[in-house]
S.K.: 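I'd like to ask you about the structure that follows.
Letters go in sequence order (proteins before strands), and every chain restarts at 1.
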Amino acid sequence: MPELPEVETVVRDLRPLLVGRTVEAMWAGEQKLRRPWKVMWPRKLVGTRVSEINRRGKWIIISLTSKARGRPPAGFLLVHLGMTGQFTVMPSADPIKDHTHFLFFLDNRTNLQYRDPRRFGSVEWFPPNTDVEKHLGEKLGPEPFGLPAQPFRDAVRASKRTLKAILLDQSVVAGVGNIYADESLHRAKLHPETRGADLTDAGCDRLRKAIEVVLTRAIDGRGSTIRDYVGGSGLRGGFQNEFAVYGRGGEGCPTCGAEVQVLRVAGRSSHFCPACQPR
DNA sequence: CTGTAATCCTGCGAGC
DNA sequence: TGCTCGCAGGATTACA
């Protein structure tokens with residue numbers, strides 16, 4: 001579900017609700033997430049305080065600090081929302097929904113909760129001396145904002161894969177998923193099956209800028225809710241109403257009116273306008 | 001190197 | 001209604 005704009009919205013929502021709060025108690029369910037996690041949690045996270053929450057690609061990084069000397073070590077929580085993850089702060093009095101996998105009870109009668117019906121997400125704890133940015137950076141490409149032109153051209157043209165596959169590859173650019181890959185390709189007027197190696201300088205530059213514009217607008221719209229997604233305070237997104245092609249197969253292209261087509265590319269359904277995005 | 005399919009899961013809409 | 005089928009925002013792995 002969540003791509004960069006959704007994750008960014010969650011982080012922005014959660015920041016004022018979480019930073020400075022102390023974890024007073026915690027609960028974790030029995031079901032496995034994508035990676036083994038519960039056993040890694042020192043119970044001692046109780047008593048720690050949230051000092052920061054940040055995003056890198058589609059990952060959420062929560063920094064926990066010890067509240068006082070002699071208290072247990074804190075560290076970091078690395079969270080990925082997978083397809084259906086929801087990460088919210090809610091009043092403790094609210095009922096707990098199905099598929100909730102952990103709760104952090106905070107010091108102001110609220111709790112941080114992770115809910116994920118399909119359990120494709122993950123939650124991992126790392127010790128205080130971990131360089132989380134570096135750890136993520138080993139597999140993640142750069143953030144898609146303010147990218148310099150030449151390295152992006154080089155990265156795209158180094159591959160003979162389709163543009164769709166390249167955009168979904170988190171090691172090229174971090175944060176783009178199926179929705180925003182299709183929307184970016186439409187904005188750049190590039191066919192999803194075009195080969196990276198075949199792009200001109202101008203094509204690479206259009207694509208780079210299109211990604212940035214699309215993601216920025218999606219963040220402004222608080223992300224896209226197709227089914228499950230909610231932000232950190234439980235609010236749905238709004239950008240789904242501005243899709244040019246995603247989920248609009250058979251409907252008219254907003255630019256030229258031609259019928260939006262759907263193809264399977266890189267194993268994912270890919271929506272594009274055959275007139276605006278010729279091969 | 002590329003592409004494809006399967007895998008991890010639950011839920012929902014389409015079609016019969 | 002109720003059933004089956006296919007598909008869904010992600011990421012990894014095995015295999016051709």
Side-chain angles (χ1 to χ4, degrees), chain A residues 1-11 29-37 55-60 78-88 97-101 114-124 135-136 138-141 144 155-185 192-198 211 214-215 218-219 221-232 235-243 245-250 262-271:
Chain A
M1 143 254 267
E3 305 180 29
L4 187 152
E6 289 75 32
V7 178
E8 178 66 22
T9 302
V10 167
V11 167
E30 296 300 322
Q31 290 193 293
K32 288 180 183 172
L33 294 179
R34 187 162 233 302
R35 309 189 196 202
W37 53 290
R55 179 194 59 75
R56 174 78 171 88
K58 300 176 192 174
W59 295 88
I60 296 169
L78 201 53
V79 180
H80 198 293
L81 301 179
M83 292 272 259
T84 54
Q86 300 178 339
F87 207 29
T88 55
K97 293 179 181 162
D98 280 358
H99 306 298
T100 297
H101 298 107
Y114 181 75
R115 175 171 187 262
D116 185 358
R118 287 177 75 180
R119 286 184 270 140
F120 287 177
S122 63
V123 182
E124 290 172 280
H135 171 78
L136 286 173
E138 284 166 11
K139 287 188 169 183
L140 273 188
V156 169
R157 281 200 296 242
S159 174
K160 291 178 178 168
R161 295 135 85 201
T162 60
L163 291 179
K164 180 64 181 266
I166 293 169
L167 288 182
L168 292 176
D169 183 346
Q170 301 299 297
S171 72
V172 177
V173 170
V176 178
N178 206 35
I179 293 176
Y180 300 111
D182 285 3
E183 293 295 310
S184 299
L185 287 167
E193 286 182 309
T194 302
R195 302 279 155 178
D198 293 339
I211 293 167
V214 165
L215 293 178
I219 291 169
R222 296 185 43 82
S224 307
T225 297
I226 293 172
R227 178 170 290 158
D228 304 299
Y229 169 74
V230 293
L235 252 54
R236 295 163 61 84
F239 193 72
Q240 66 279 5
N241 300 318
E242 296 175 48
F243 289 164
V245 286
Y246 186 84
R248 297 192 63 250
V262 187
L263 264 185
R264 203 106 189 138
V265 185
R268 314 292 297 278
S269 65
S270 300
H271 313 71

S.K.: So what does A:G267 touch, heavy atoms closer than 4.0 Å: a base, only the sugar-phosphate, or nothing?
M.R.: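 Contact class for A:G267: none.
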S.K.: Could you tell me which non-hydrogen atom of A:K32 sits nearest to which non-hydrogen atom of A:R119, and how far apart they are?
M.R.: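 Scanning both residues completely, I find the closest heavy atoms to be O-CD, 3.2 Å.
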S.K.: Output the rounded distance in Å from CZ (A:R115) to P (B:dT10).
M.R.: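 The answer, rounded to whole Å, is 13 Å.
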S.K.: Which part of the nucleic acid does A:T225 contact within heavy-atom distance under 4.0 Å: base, sugar-phosphate only, or nothing?
M.R.: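 The residue A:T225 makes base contact.
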S.K.: Using both distances under 3.5 Å as the test, list the Watson-Crick or G-U wobble partner of C:dG6, or none.
M.R.: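 Across all strands, the one nucleotide that pairs with C:dG6 is B:dC12.
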S.K.: Whole angstroms only, please: what is the CZ-P distance between A:R264 and B:dA6?
M.R.: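 Rounded to whole Å, this separation is 11 Å.
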S.K.: Nearest to the side chain of A:K139, which nucleotide is it out of B:dG3, C:dT12, C:dG10?
M.R.: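 When the side chain of A:K139 is considered, C:dT12 is the closest of B:dG3, C:dT12, C:dG10.
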S.K.: Roughly, in whole Å, what's the span from NE2 in A:H101 to C1' in B:dC8?
M.R.: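 Rounding to the nearest Å, NE2 of A:H101 and C1' of B:dC8 are 13 Å apart.
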S.K.: Between A:E6 (side chain) and A:E3 (backbone), is there a donor-acceptor pair under 3.5 Å?
M.R.: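 Here the side-chain-to-backbone pair exists.
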S.K.: Measure from the side chain of A:K160, starting at C-beta and using heavy atoms only, and say which of B:dT2, C:dA8, C:dG10 lies closest.
M.R.: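 Looking only at heavy atoms from C-beta outward on A:K160, the closest nucleotide is B:dT2.
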S.K.: Measuring to OP1 and OP2 of C:dA11, would you say a side-chain N or O of A:Q170 lies under 4.0 angstrom away?
M.R.: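 It does, given that an N or O in the side chain of A:Q170 lies less than 4.0 Å from OP1 or OP2 of C:dA11.
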S.K.: Is the phosphate of B:dC9, meaning OP1 or OP2, less than 4.0 Å from a side-chain N or O of A:H99?
M.R.: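 So the side chain of A:H99 is outside the cut-off, no N or O lying under 4.0 Å from OP1 or OP2 of B:dC9.
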S.K.: Whether A:R268 contacts C:dG9 is assessed here as follows: a side-chain N or O lying under 4.0 Å from the phosphate OP1 or OP2. Is that the case?
M.R.: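 So the side-chain polar atoms of A:R268 do come within 4.0 Å of the phosphate oxygens OP1 or OP2 of C:dG9, strictly under.
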S.K.: Is there a side-chain contact between A:T84 and the phosphate of C:dA8, meaning an N or O under 4.0 Å from OP1 or OP2?
M.R.: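 The answer is no; no side-chain N or O of A:T84 sits under 4.0 Å from OP1 or OP2.
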S.K.: Separation of A:D228 atom CG from C:dA8 atom P, in whole Å?
M.R.: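 That distance rounds to 14 Å.
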S.K.: What is the distance, rounded to the nearest whole Å, between atom CG of A:D116 and atom C1' of C:dA11?
M.R.: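 Nearest whole value for this atom pair: 13 Å.
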S.K.: What integer number of Å spans the C1' atoms of C:dG9 and B:dT2?
M.R.: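 Roughly 24 Å separates the two C1' atoms.
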S.K.: Nearest to the side chain of A:R227, which nucleotide is it out of C:dA11, B:dG11, B:dG3?
M.R.: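 Closest nucleotide among those given: B:dG11.
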S.K.: Taking only the P atom of each, what is the distance from B:dC8 to C:dC3 in whole angstrom?
M.R.: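 Between the two P atoms, the distance is 25 Å.
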S.K.: A:D182 and side chain to side chain donor-acceptor pair (under 3.5 Å): which single residue from A:R268, A:R248, A:H271 fits?
M.R.: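 The side chain to side chain donor-acceptor pair (under 3.5 Å) with A:D182 is passed solely by A:H271 among A:R268, A:R248, A:H271.
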S.K.: Quick check: does any side chain N or O of A:Q170 sit under 3.5 Å from a backbone N or O of A:L168, one acting as donor and the other as acceptor?
M.R.: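 Such a contact is found between A:Q170 side chain and A:L168 backbone.
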S.K.: Students often get this wrong, so: under 4.0 angstrom with heavy atoms, is A:Y246 touching a base, only sugar-phosphate, or nothing?
M.R.: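 Contact class for A:Y246: sugar-phosphate only.
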S.K.: Tell me: CG of A:L81 to C1' of C:dA11, nearest whole Å?
M.R.: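 Checked: the CG to C1' distance equals 14 Å.
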S.K.: Heavy atoms from C-beta onward define the side chain here; which of B:dC9, C:dG10, B:dT2 lies closest to that of A:R195?
M.R.: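 Given the options B:dC9, C:dG10, B:dT2, the side chain of A:R195 is closest to B:dT2.
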S.K.: With stacking defined as ring centroids separated by under 5.5 Å and planes differing by under 30°, is A:Y229 stacked against C:dG9?
M.R.: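 Answer is no, no stack.
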S.K.: Looking at the base of B:dC8, is there any donor atom on it, or on the side chain of A:R119, that sits under 3.5 Å from an acceptor on the other one?
M.R.: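 There is none.
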S.K.: Between A:R161 and A:D169, is there a side-chain N and carboxylate O pair less than 4.0 Å apart?
M.R.: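 Here A:R161 pairs with A:D169 in a salt bridge, since their nearest N and O are under 4.0 Å apart.
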S.K.: Mind checking the P distance from B:dA5 to C:dG6? Whole angstroms is fine.
M.R.: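 Looking at atom P only, B:dA5 and C:dG6 are 14 Å apart.
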S.K.: Of the nucleotides C:dT12, C:dG9, B:dG3, which has the atom closest to the A:T162 side chain?
M.R.: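 Shortest atom-to-atom distance from the side chain points to B:dG3.
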S.K.: Looking only at atom types and distance, does a side-chain atom of A:E193 sit under 3.5 Å from a main-chain N or O of A:V265, one as donor and one as acceptor?
M.R.: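 A pair under 3.5 Å: no.
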S.K.: Can you tell me if A:H80 touches the phosphate of C:dA11, counting only side-chain N or O atoms and a distance under 4.0 Å to OP1 or OP2?
M.R.: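 Looking at the OP1 and OP2 atoms of C:dA11, one of them is under 4.0 Å from a side-chain N or O of A:H80.
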S.K.: A:K58 has a side chain; which of C:dA8, B:dT2, C:dG10 sits nearest to it?
M.R.: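 Nearest to the side chain of A:K58 among the choices is C:dG10.
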